[in-house]
Amino acid sequence: MSTVLNKKYYLSKDVVKLAKDLIGKVIHTNIDGVLTSAIITETEAYAGITDKASHAYGGRRTQRTEVMYSEGGIAYVYLCYGMHYLFNIVTNKKDIPHAVLIRGIYPLKGIETMLQRAHKNKLTKDIGKGPGKVTKLLGIDKRHNAISLLDNTIWLSDENINIKKNAIIVSKRIGIDYAGEDALLPYRFSVNDEGLINSINK
DNA sequence: CGTACGATCTGCT
DNA sequence: GCAGATCGTACGA
């Protein structure tokens, strides 16, 4: 049985717990006329105005970060290093800029399309490892910034994929050395390859 | 208006 | 392991 993640889910007050819970959930996109879906294998939490690694640190509100202050359940997509789109899920209630960055996925449906988008000819374990690759495979770009995740373009579901607790790795976040001591926070969650394969093959 | 740089990936060494 | 690609955003002048 499959359940689409609803508004209540995204309104969770605990962004770190949510980031962990999203491991093993399924993300679907209906973009450019193609349906794709993939298991979420890696996430990072960005905990609002007190988190130095967050774009909303210190309560910063700009045209770009305004999206993060919306009510949970929408997408925050932005360009990084001038060439990669990064996909985040905005969580918590309005005016609390929490978000979860999706850093890794593993393709389930629409694999042919994803291979084309990645310019690859075969499926590998690491095809969806890395936040820039996630958006590339799923076809997400800045057009999808601020869209609802309760609609039929991008949405998430719980397919009862059972990831063993001990297959989830908790670590510090990546690429945020500028965040001082907050760079050390255990806000990154990922499932190891073995745990992932075990969950898919049943 | 100018400028510095980033929640990265790839290919070459 | 490292440099290069490449550009919107943020912020100071």
Side-chain angles (χ1 to χ4, degrees), chain A residues 10 14-23 25 27 38 40-70 72 74-92 96-107 113-147 149 154 156 168-191 193:
Chain A
Y10 295 115
D14 189 339
V15 68
V16 177
K17 197 169 148 192
L18 195 78
K20 185 174 184 182
D21 193 65
L22 281 168
I23 300 289
K25 295 291 187 288
I27 182 169
I40 294 172
T41 59
E42 185 175 342
T43 61
E44 277 180 7
Y46 285 85
I49 63 175
T50 59
D51 182 352
K52 287 201 179 82
S54 169
H55 292 160
Y57 174 63
R60 186 167 54 178
R61 294 183 91 122
T62 64
Q63 197 168 14
R64 177 174 69 148
T65 65
E66 194 60 31
V67 178
M68 296 181 79
Y69 290 83
S70 304
I74 66 171
Y76 171 42
V77 181
Y78 77 96
L79 185 67
C80 187
Y81 294 102
M83 47 178 60
H84 304 291
Y85 289 105
L86 271 60
F87 173 73
N88 299 253
I89 295 170
V90 175
T91 72
N92 214 315
I96 300 188
H98 285 181
V100 177
L101 170 67
I102 305 301
R103 292 188 56 88
I105 57 173
Y106 186 79
T113 299
M114 291 198 243
L115 289 175
Q116 282 172 24
R117 284 172 176 160
H119 302 113
K120 294 276 165 41
N121 49 34
K122 64 173 188 182
L123 189 59
T124 58
K125 278 185 306 195
D126 58 356
I127 190 162
K129 283 184 185 173
K133 295 181 184 172
V134 169
T135 54
K136 192 171 189 178
L137 292 181
L138 294 172
I140 295 172
D141 61 41
K142 67 179 177 190
R143 290 176 296 171
H144 307 105
N145 188 34
I147 69 167
L149 300 177
I154 304 175
L156 281 77
I168 295 183
I169 303 158
V170 182
S171 53
K172 63 180 186 169
R173 294 173 292 181
I174 303 289
I176 53 158
D177 293 341
Y178 59 85
E181 69 274 16
D182 284 352
L184 303 175
L185 292 169
Y187 283 3
R188 174 176 175 230
F189 303 95
S190 55
V191 57
D193 290 337

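Chain identifiers are assigned alphabetically (A, B, ...) following the order of the sequence lines, protein sequences preceding nucleic acid strands; residue numbering begins at 1 within each chain. These numbers come from the heavy atoms of this one structure, side chains and all, not from hydrogens, waters or symmetry mates.
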(request) Identify whether the distance between the nearest side-chain nitrogen and carboxylate oxygen of A:Lys17 and A:Asp21 falls below 4.0 Å. (result)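 Answer for the salt bridge query: no.
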> Does A:Lys129 pair with A:Asp193 as a salt bridge, N-O distance under 4.0 Å?
Replying inline: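 Yes.
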I need the [atom1]-[atom2] distance between [X] and [N], as an integer number of Å.
| X | N | atom1 | atom2 | answer |
| --- | --- | --- | --- | --- |
| A:Tyr57 | C:dC11 | OH | P | 13 Å |
| A:Tyr85 | C:dG8 | OH | P | 8 Å |
| A:Glu66 | C:dA10 | CD | P | 11 Å |
| A:Arg61 | C:dT9 | CZ | P | 18 Å |

Ignoring backbone atoms, test whether A:Thr62 places a side-chain nitrogen or oxygen under 4.0 Å from the OP1 or OP2 oxygen of C:dT9.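 Indeed not, no polar side-chain atom of A:Thr62 lies that close.
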* Would one find a side-chain N or O of A:Arg60 under 4.0 angstrom from OP1 or OP2 of C:dT9? ->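 For C:dT9, OP1/OP2 do not have a side-chain N/O of A:Arg60 under 4.0 Å.
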**Asked** Is A:Tyr178 stacked on the base of B:dG6, meaning ring centres closer than 5.5 Å and planes within 30 degrees of each other?
**Response**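 Taking the rule of under 5.5 Å and under 30°, the ring of A:Tyr178 does not stack on B:dG6.
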Going by the side chain to side chain contact (heavy atoms under 4.5 Å, CB included) test, name the single residue among [options] that passes it with [X].
| X | options | result |
| --- | --- | --- |
| A:Leu138 | A:Thr113, A:Ile105, A:Ile102 | A:Ile105 |
| A:Val100 | A:Val16, A:Thr43, A:Asn88 | A:Thr43 |
| A:Thr91 | A:Asp14, A:Leu18, A:Ile96 | A:Leu18 |

For A:Tyr57, ring pair (Phe, Tyr, Trp, His ring centres under 6.0 Å) partners two or more places apart: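 Ring pair (Phe, Tyr, Trp, His ring centres under 6.0 Å) check on A:Tyr57 returns nothing, list empty.
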Problem set entry | Atom NZ of A:Lys52 with >12 non-hydrogen neighbours under 6.0 angstrom |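 Yes, because the 6.0 Å sphere around NZ of A:Lys52 holds more than 12 heavy atoms from other groups.
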Pairs under 3.5 Å (Watson-Crick or G-U), crossing ones as [ ], inter-strand ones as |: DNA chain C comes out as |||||.||||||.
Note to self: I'd like to know if the side chain of A:Arg188 and the backbone of A:Glu42 have a donor-acceptor N/O pair within less than 3.5 Å.
What the structure shows: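 It does not hold such a pair.
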Hey, what are the protein-to-nucleotides 8-12 of chain B N/O distances that come in under 3.5 Å?
unit_1 : atom_1 : unit_2   : atom_2 : d
B:dT8  : OP1    : A:Arg103 : NH1    : 3.4
B:dT8  : O2     : A:His84  : NE2    : 2.8
B:dC9  : OP1    : A:Gly130 : O      : 3.3
B:dC9  : OP1    : A:Pro131 : N      : 3.1
B:dC9  : OP1    : A:Gly132 : N      : 3.0
B:dC9  : O4'    : A:His84  : NE2    : 3.1
B:dT10 : OP2    : A:Lys133 : NZ     : 3.3

